[in-house]
Amino acid sequence: MSRERKAQPVSRRKFIRAAAMTSGGLALALCAPRSAPAQAVKRGGQLVASKQWTYASLDPHLTSEPEMAGYEALFNGLVRFELVDPKTWEHKLVGDLAESWQQPDLKTIVFKLRRGVTFHDGSEFDAAVAKWNLERQRDHPKAQLVKVQLANVGAVDTPDKYTLRLKLKSDSPSLIRLLAFAWGAKLRMVSKAAMDKLGDEGFARNPVGTGPFKFKQWVTDDRLILERNPNYFETGADGKSLPYLDGLVFRYIPDPTVALVDMRAGSLHVLEWILTKDVATIKGDSNLGIWEMPWAGQILFFGGYNIDAPPFNDVRIRQAANYGIDREGMAKALGFGVGFPYYYPQWGPAALGWDETILKYPYNPAKVKELLTAAGYPDGVSIELKVIAREPELTIGEFVQQMWTAVGIKTKLVSQERLSWIDAVRAKKFQACFWRGNLAQPSVESDSLTISFTCGSPFNWAQWCDKDVDRLMKEAGAAMDPKKRHATYREVFQMIQERAYLFTGIAMPLMTSYRKEVQGLTFDLQSPTFHRAWLR
């Protein structure tokens with residue numbers, strides 16, 4: 001078969017509202033920075049944005065945090081997502097550095113690349129550089145995030161200067177979408193010339209891409225400063241080269257309450273991943289707006305157990321802990337009218353495999369007691385819950401500590417700075433821990449969950465390993481029939497729930513706030529993009 005595409009819709013069904021996950025329903029208001037007529041676009045100015053976590057590296061191939069707006073500003077991929085309808089959550093796949101693509105057979109993908117694109121250092125982007133980028137991201141020993149997703153890519157060749165051809169080891173119905181997804185295998189193109197000159201460590205502090213903004217300065221754990229790329233290949237509504245802004249600053253402000261004060265004062269324009277407790281304040285400020293992304297809902301209480309050590313090596317203790325979570329109470333106490341109870345391991349409505357009839361673990365203290373007694377702990381069990389020392393994790397951790405202790409799972413809360421938490425969890429020095437996770441993106445399919453659920457995958461933080469899950473995830477990823485993929489992913493979903501490897505409690509739509517003078521702000525699924533943004 002031969003299919004050439006310039007835009008590929010990836011929505012296959014009418015999406016279910018996030019409110020469907022709640023017992024009482026939840027109305028979600030969608031709003032976005034408005035675009036203005038072309039003649040009203042204003043060029044110049046510097047936009048300042050912030051997030052709760054910082055950059056560990058500016059090398060997009062080796063990062064452990066791919067969902068950073070600075071990468072979107074510095075680099076381009078082959079393809080990207082574009083929102084079609086915020087009411088149905090429909091996104092389509094569009095070209096970025098690839099102008100079009102074909103899939104002549106089930107194991108071949110051919111990209112026709114954009115001509116005349118240069119990196120910030122003046123070197124040319126072509127198929128040879130694209131091939132080098134893909135192979136580096138697939139094969140580099142430190143590129144853990146994408147190794148799982150790119151493992152199916154075999155030979156990569158360049159029939160001509162602007163054609164890139166991938167030969168796959170097995171059939172894959174979703175690899176093209178994964179190449180557009182930050183938590184999948186997003187292939188952000190970096191300058192080979194710069195990498196050859198600087199090496200891995202030098203490039204990580206002096207990045208060179210093709211994006212609308214180029215690197216100026218990075219003050220570690222403080223801010224990333226970018227300036228306009230005058231040679232960017234896209235044009236704006238006024239017929240001139242994008243971007244409209246002169247520069248971007250990404251600040252690291254670990255306390256979102258402090259960041260909100262700065263935004264209300266006017267020194268900050270965009271605040272990513274706002275806290276639910278701040279929603280009412282933001283909506284009450286006429287200078288501010290909120291962009292809600294229910295399709296990218298985040299699970300704020302999402303965690304796992306060390307299943308290789310007592311007491312959680314006993315499935316009955318894991319099940320008891322799951323029954324000991326009062327999700328309704330958590331949503332009421334911590335959701336601030338936006339959060340909702342969540343029962344499942346990252347699957348969201350409309351994602352392949354979703355089935356809300358699968359075991360939910362409703363709050364049941366009597367069942368907790370029954371399971372603890374059966375496991376040999378009639379007087380209860382003592383555990384440690386490891387959390388990152390920031391909000392809202394600390395508040396959630398205190399709530400869970402009280403909740404579990406009340407039903408006989410006597411919980412000690414252990415908080416650590418984020419990097420220390422990562423080191424401890426990677427070393428399996430924990431009993432239970434939790435982190436933030438995103439709902440499975442319906443636009444990407446459930447293949448993206450491979451990096452969270454398979455043995456040794458980079459975002460399987462609790463490091464549980466089940467060969468049955470691995471086998472089924474591989475089968476689902478290679479199945480061309482959507483019904484077969486759905487049924488197989490549902491089997492994975494059910495297996496994870498019944499074996500109680502993970503726990504969840506509360507989720508909410510991903511939200512970014514902005515000052516209303518910000519115009520033209522767009523999102524690539526959930527990452528803010530600033531190439532068309534301008535300041536009124």
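A distance-only check finds no donor-acceptor pair linking the side chain of Asn287 to the backbone of Arg264 [under 3.5 Å]. Between the Asn306 side chain and the Phe430 main chain, a donor and an acceptor come within less than 3.5 Å of each other. Judged purely by atom type and a 3.5 angstrom limit, Asp326 uses its side chain to pair as donor or acceptor with the backbone of Gly329. Between the side chain of Arg327 and the backbone N or O of Ile506, no donor-acceptor pair lies under 3.5 Å. No donor-acceptor pair closer than 3.5 Å links the side chain of Arg418 to the backbone N or O of Trp53.
By the 4.0 Å N-to-carboxylate-O rule, Arg471 lies close enough to Glu475 to be salt-bridged with it. Using a 4.0 Å cut-off between charged nitrogen and carboxylate oxygen, Arg136 and Asp200 count as a salt-bridge pair. For Glu384 and Lys386, the salt-bridge test fails: no basic side-chain N is under 4.0 Å from an acidic carboxylate O. Comment: Arg251 does not engage Asp222 in a salt bridge, judged by the lack of any side-chain N to carboxylate O separation of less than 4.0 angstrom. Ion pair Asp524/Lys186 flagged as a salt bridge, since at least one NZ, NE, NH1 or NH2 atom sits closer than 4.0 Å to an Asp/Glu carboxylate oxygen. Checked for salt-bridge contact, Lys277 and Glu391 miss the test: no charged N lies under 4.0 Å from a carboxylate O. Classification of Glu72 and Arg188 as a salt-bridged pair holds, one side-chain N sitting under 4.0 Å from a carboxylate O.
Considering all non-hydrogen atoms of both residues, Phe530 and Ala49 come closest at CZ-CB, 4.2 Å. For the residue pair Met511 and Val338, the shortest heavy atom distance occurs at CE-CG1, 3.7 Å. Scanning all heavy atoms of the two residues, the minimum distance from Thr504 to Pro345 falls at CG2-CA, 4.4 Å. Among all heavy-atom pairs drawn from Asn460 and Thr454, the shortest one is ND2-O, 3.2 Å. Between Ile274 and Leu271, the shortest heavy-atom distance links the atoms CG2-O, 3.6 Å. Pro528 approaches Glu272 most closely through the heavy-atom pair CD-OE1, 3.3 Å.
Side-chain atoms of Tyr55 and Glu65, non-hydrogen and from C-beta on, never get closer than 4.5 Å to each other. Lys410 places none of its side-chain heavy atoms less than 4.5 Å from the side chain of Ile383. Residues Phe301 and Phe434 are in side-chain contact: their nearest non-hydrogen atoms beyond the backbone lie under 4.5 Å apart. Side-chain contact between Val190 and Phe203: present, with at least one pair of heavy atoms (C-beta onward) separated by less than 4.5 Å. Using a 4.5 Å cut-off on side-chain heavy atoms (C-beta onward), Leu300 and Met508 make contact. In this structure, Ile307 and Tyr501 have side chains that are in contact, with non-hydrogen atoms separated by less than 4.5 Å. The shortest side-chain heavy-atom distance between Ile325 and Tyr361 does not fall under the 4.5 Å cut-off. The side-chain heavy atoms of Leu472 and Tyr489, taken from C-beta on, include no pair separated by under 4.5 Å.
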request  = Just do the side chain to side chain contact (heavy atoms under 4.5 Å, CB included) check on Met330 and Val400 with the steps written out, would you?
outcome  = CA-CA 8 Å; Met330 182 181 290; Val400 175; 3.7 Å; yes
side-chain hydrogen bond (donor to acceptor under 3.5 Å, both in side chains) between Thr63 and Tyr71, worked out = CA-CA 10 Å; Thr63 182; Tyr71 298 139; 3.0 Å; yes
task = Verify side-chain hydrogen bond (donor to acceptor under 3.5 Å, both in side chains) between Asn322 and Tyr305, making sure each step is shown before the conclusion.
result = CA-CA 11 Å; Asn322 279 5; Tyr305 310 105; 2.6 Å; yes
query = Going through the distances and angles, do Gln494 and Glu498 end up as a side-chain hydrogen bond (donor to acceptor under 3.5 Å, both in side chains)?
reply = CA-CA 6 Å; Gln494 183 170 356; Glu498 290 177 351; 2.9 Å; yes
task = Could you walk me through whether Gln52 and Arg436 pass the side-chain hydrogen bond (donor to acceptor under 3.5 Å, both in side chains) test, one step at a time?
result = CA-CA 12 Å; Gln52 264 189 285; Arg436 303 187 194 191; 2.7 Å; yes
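For Lys216, the NZ atom sits in a loose shell: 12 or fewer heavy atoms of surrounding residues, nucleotides or ligands are nearer than 6.0 Å.
Side-chain contact annotation: Ser57 with Asp59, donor-acceptor N/O pair under 3.5 Å absent. Between Arg205 and Thr220, the side chains place a donor N or O and an acceptor N or O closer than 3.5 Å (distance only, hydrogens not considered).
Scored by the side chain to side chain contact (heavy atoms under 4.5 Å, CB included) test, Ser452 finds Gln346, Phe459 as partners (sequence neighbours excluded).
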Let me check something: any side-chain donor-acceptor pairs from residues 422-429 under 3.5 Å, sequence neighbours excluded? List them with distances.
unit_1 : atom_1 : unit_2 : atom_2 : d
Arg426 : NH1    : Pro458 : O      : 3.1
Arg426 : NH2    : Pro458 : O      : 2.6
Lys428 : NZ     : Asp308 : OD2    : 2.4

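In this pair, Phe81 and His91 present their aromatic rings perpendicular. The plane angle is above 60°, beyond the 30 to 60° band.
Annotation: cation-pi geometry not satisfied between Arg490 and Trp354 (NZ/CZ under 6.0 angstrom from ring centroid, within 45° of ring axis).
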